[in-house]
Amino acid sequence: MVRIASTTAVASLLVTQCLLVTARDSNVKEVVVEGTTFALNGDNVSYRFHVDNSTGDLVSDHFGGSVTGAIPMEAMGEVNGWVGEQGRVRREFPDQGRGDFRIPAIRVRQSEGYTVSDLQYQSYSVVHGKPALPGLPATMGTEDDVTTLLIHLHDNYSAVSAELSYSIFPRYDAIVRSANVTNKGKGNITIETLASMSVDFPYENLDMISLRGDWAREAHRERRKVEYGTQSFGSSTGYSSHLHNPFLALVDPSTTESQGEAWGFSLIYSGSFSVEVEKGSQGLTRALLGFNPSQLSWPLGPGETLTSPECVAVYSKDGIGGVSRSLHRLYRNHLIKSKFATKNRPVLLNSWEGLSFDYNQSTIQNLAQESADLGTKLFVLDDGWFGDKYPRTSDTAGLGDWVPNPRRFPHGLRSAVNSITNLKVANSSTNMRFGIWVEPEMVNPNSSLYHEHPDWALHAGSYPRTERRNQLVLNLALLEVQDFIISSVSDILKSAKISYVKWDNNRGIHEMPSPATEHAYQLGLYRVFNNLTTQFPDVLWEGCASGGGRFDAGVLQFFPQIWTSDDTDAVERISIQLGTSLAYPPSAMGAHLSTVPNQQTGRTVPISFRAHVAMMGGSFGLELDPATVPKEDKAALPGLIALAERVNPIVLTGDMYRLRLPEDSSWPAALFVSEEGKKAVLFAFQTRPNVNHALPWVRLQGLEPQALYRVDQNGTYSGATLMNIGLQFTFDSDYGSRVVFLERQ
Ligand SMILES: *[C@@H]1O[C@H](CO)[C@@H](O)[C@H](O)[C@H]1NC(C)=O
Ligand SMILES: *[C@@H]1O[C@H](CO)[C@@H](O)[C@H](O)[C@H]1NC(C)=O
Ligand SMILES: *[C@@H]1O[C@H](CO)[C@@H](O)[C@H](O)[C@H]1NC(C)=O
Ligand SMILES: *[C@@H]1O[C@H](CO)[C@@H](O)[C@H](O)[C@H]1NC(C)=O
Ligand SMILES: *[C@@H]1O[C@H](CO)[C@@H](O)[C@H](O)[C@H]1NC(C)=O
Ligand SMILES: *[C@@H]1O[C@H](CO)[C@@H](O)[C@H](O)[C@H]1NC(C)=O
Ligand SMILES: *[C@@H]1O[C@H](CO)[C@@H](O)[C@H](O)[C@H]1NC(C)=O
Ligand SMILES: *[C@@H]1O[C@H](CO)[C@@H](O)[C@H](O)[C@H]1NC(C)=O
Ligand SMILES: *[C@@H]1O[C@H](CO)[C@@H](O)[C@H](O)[C@H]1NC(C)=O
Ligand SMILES: *[C@@H]1O[C@H](CO)[C@@H](O)[C@H](O)[C@H]1NC(C)=O
């Protein structure tokens, strides 16, 4: 039987074997199976596909706004030409060979050497809740939150099986997909490609949005038209990388920040990845997200399985902002495991800008004292505290030797930490807390570790081991390396009262023993993260990779916050933070106020502007030596810290609206509305001088039209007025900024 048996339009309603799965008390049926037709339904999304009974292939029917019942289908008609039927239809899990010339979601090199496969539908099952992915970070939820549809596929000709997992989080309009492949035969096979998500849209005109950048220039949004052929981006650095983030949005060309259809895809993975969007000859658009095929070639022996990372796909009719808010809520509630996910974060001071490598116990004690006097609650000792035989006094030595430097700490680290945690924070009942910096995935050739285990560093035979920042990458694919890192970091954390860790990572992966080492490294890294965060749940962990080089959903499973960029210039940071917020919740962003002129840009902006921008991140801090801060700026700091603490709970749990983007306007603005809608905080900036130009209005979003809101102390207005007319601000100069609180009456 062909997909459409008759040439006369509409397919009949399928009423046989109707399975409805209702996980919640609502009219929406999350998973509906009718024969071999499958539907996943959220509050405002439907995802549909069916089995083509003549080929056993899965055919995509819909991913978009809610639909119910039968879908009208027109017969394809006589297929004549180069592209066969496989290449003309929308496929759920396109394999290679058999006439589909578009990019495949899976390519298996069979033991005989060829790469044809034929994965046919076998059966399905439905699971309430969501099974964990072996060894990989993944979204989580109870039976009330999520329902999972599993589709079992099998290739009769090669004894390869695959399973597709689709989970629907109905309240987030989010569909999460992953795939696994099992070798059920007797020979060895190789998985050359395995996409987590593959979706075929029937639309010919779409724009794609991605986040590109480099070191200190992360998350710049890029919007372009999807053209015929393939357009792709990804990472082959061994990390999700500054260069491109594992996030893709596809939007209608008319879609804006606040209106229109948008699909967002976010890969829960921290390694090399690939995103490919192909508009095929027939005008259908395919999007694939998953492993980077150039770093996979994963060998599968008999009985072995490869599991892909998972990809979250959300749909919104409320523009790109709608996609972001769904992802933010999903990640806050169903991805980040840390108990700090939505808890107020301590304002911190990091020693790096103030002291760099140049310190001893008394200089850090003084800096910690000054931090406490300013009202910061967490003192973070950055690089340089470790190494004995090869002391870390510059970046040429010490990485790998995770023992405190006895010359810097003659009485041990514990004693130094105790003197700091005994400090009282000004005007507060709390004591100073202590945090520490580590970079455990790395080794300097100048280290005891490297001398003992040169084979632990990633390398390829006798090819030179290329250094960056005088360092090499440890091979985390090796169990002994994972255990070494687990025990060295555990020992430090047990040795003193440490309540925060900044986990850095400052170079890309160059030489590897095999392409598959890259994914094996990620699995090793996740084992280490899982072990340490489970052992030390009271530690606040912050990810970092030369800034935002590993700002991804995989890291967020374990670390509730990530350092967003090494560029702390406040104007640049507006772009970086609003760009990062396309996919990731502001609660996850580390953002600090630093000194001027800024190290990266040489720009000088007022301290209030610098502080206001940093407050839009969930973890606010200072990256400076208070002793070198001008007097009037220093006097402003306690007030700005208090403001940051007041803003923090709304930023951590609220919905974010990017009201105006820095690339479109000299008056960028963002609004955070608390979960229950009672409070909101508006950030408004002026980034260029306003010479003789009318004052712009900032129109708010996300308020209740009928409700009344008190705006600071200056009046009460209806939500409708604030959203349809807005607020106007006069800025005294360029780099003006305002933080305005709204309270629903
Ligand atoms: C395909 O076959 C299944 C099982 O035999 C049947 O339930 C279903 O109705 C068929 N689908 C179509 C579209 O004919
Ligand atoms: C779904 O749409 C309704 C009405 O259009 C809206 O009130 C609701 O917030 C939407 N739900 C989500 C998850 O976007
Ligand atoms: C697969 O192989 C089994 C056993 O050889 C056979 O019964 C079945 O019909 C085959 N399925 C397909 C779709 O070819
Ligand atoms: C493959 O994935 C399916 C669906 O998630 C799961 O039930 C199955 O256990 C997985 N198989 C292996 C070997 O991990
Ligand atoms: C499969 O690979 C393993 C490990 O490399 C090897 O020992 C075995 O002989 C191979 N089996 C076949 C059938 O080639
Ligand atoms: C620590 O460093 C400061 C500044 O370099 C110096 O004045 C002081 O003597 C040093 N203290 C010790 C104990 O070495
Ligand atoms: C502590 O309180 C005093 C008196 O209110 C005030 O002058 C000072 O700025 C405050 N310091 C901090 C760090 O908040
Ligand atoms: C090792 O450290 C010394 C300084 O202690 C430095 O001169 C040398 O360049 C370093 N070697 C490497 C390979 O980084
Ligand atoms: C962490 O790893 C250590 C050493 O491998 C092991 O003994 C311990 O059980 C692990 N803990 C957790 C929580 O995984
Ligand atoms: C509201 O009033 C405060 C003083 O009460 C003033 O500093 C602030 O600029 C005013 N805000 C607006 C939006 O007018």
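Atoms within each ligand, like the ligands themselves, are counted from 1 in listed order. The analysis underlying the following values was restricted to heavy atoms, covering all of them including side chains, and did not include hydrogens, waters or symmetry mates.
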Asks: Could you tell me whether atom 7 (O) of ligand 9 has a protein heavy atom closer than 4.0 Å?
Replies: no

Asks: Going by a strict under-4.0 Å cutoff (protein heavy atoms only), does atom 14 (O) of ligand 6 have a neighbour on the protein?
Replies: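 So far as the 4.0 Å threshold goes, atom 14 (O) of ligand 6 is in reach of a protein heavy atom.
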
Asks: Do W456 and Y450 have their ring centres less than 6.0 Å from each other?
Replies: no

Asks: Mind telling me whether W385 and W402 have parallel, tilted or perpendicular rings, with 30° and 60° as the class edges?
Replies: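 Aromatic pair W402/W385 classed tilted.
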
Asks: Within a 6.0 Å radius of atom CD on Q599, are there more than 12 heavy atoms belonging to other residues, nucleotides or ligands?
Replies: no

Asks: Just which atoms of ligand 6 are under 4.0 Å from any heavy atom in S362?
Replies: 1 (C), 11 (N)

Asks: Please state which protein non-hydrogen atom is closest to atom 10 (C) of ligand 9 and give its distance, to 0.1 Å?
Replies: N531 ND2, 2.4 Å

Asks: In terms of residue, atom name and distance, what is the protein heavy atom nearest to atom 12 (C) of ligand 6?
Replies: N360 ND2, 3.2 Å

Asks: Examine the proximity of ligand 8 to T396 and report which part, side chain or backbone, both or neither, has a heavy atom under 4.0 Å away.
Replies: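 Both of them.
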
Asks: Quick test: of every protein heavy atom, which one is nearest to atom 5 (O) of ligand 9, and how far off is it to 0.1 Å?
Replies: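 Scanning the protein heavy atoms, the shortest distance from atom 5 (O) of ligand 9 goes to D483 OD1, 3.2 Å.
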
Asks: Classify the ring geometry between F169 and Y172 as parallel (under 30°), tilted (30 to 60°) or perpendicular (over 60°).
Replies: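 Plane angle over 60°, so perpendicular.
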
Asks: Can you label the angle between the Y331 ring and the Y584 ring as parallel, tilted or perpendicular, going by 30° and 60°?
Replies: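 Ring orientation of Y331 relative to Y584: parallel.
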
Asks: Under a 4.0 angstrom heavy-atom cut-off, which atoms of ligand 9 come close to T534?
Replies: 13 (C)

Asks: Could you tell me if R408 sits above the aromatic ring of Y359, with its cationic atom closer than 6.0 Å to the ring centre and no more than 45 degrees from the axis?
Replies: yes

Asks: Exactly one of W352, W563, F620 should register a ring pair (Phe, Tyr, Trp, His ring centres under 6.0 Å) with H592. Which one does?
Replies: W563

Asks: For atom 3 (C) of ligand 8, what is the closest protein heavy atom, and at what distance to 0.1 Å?
Replies: N446 ND2, 3.4 Å

Asks: In the protein, what heavy atom is nearest to atom 4 (C) of ligand 6, and what distance, to one decimal place, separates them?
Replies: T363 CG2, 4.0 Å

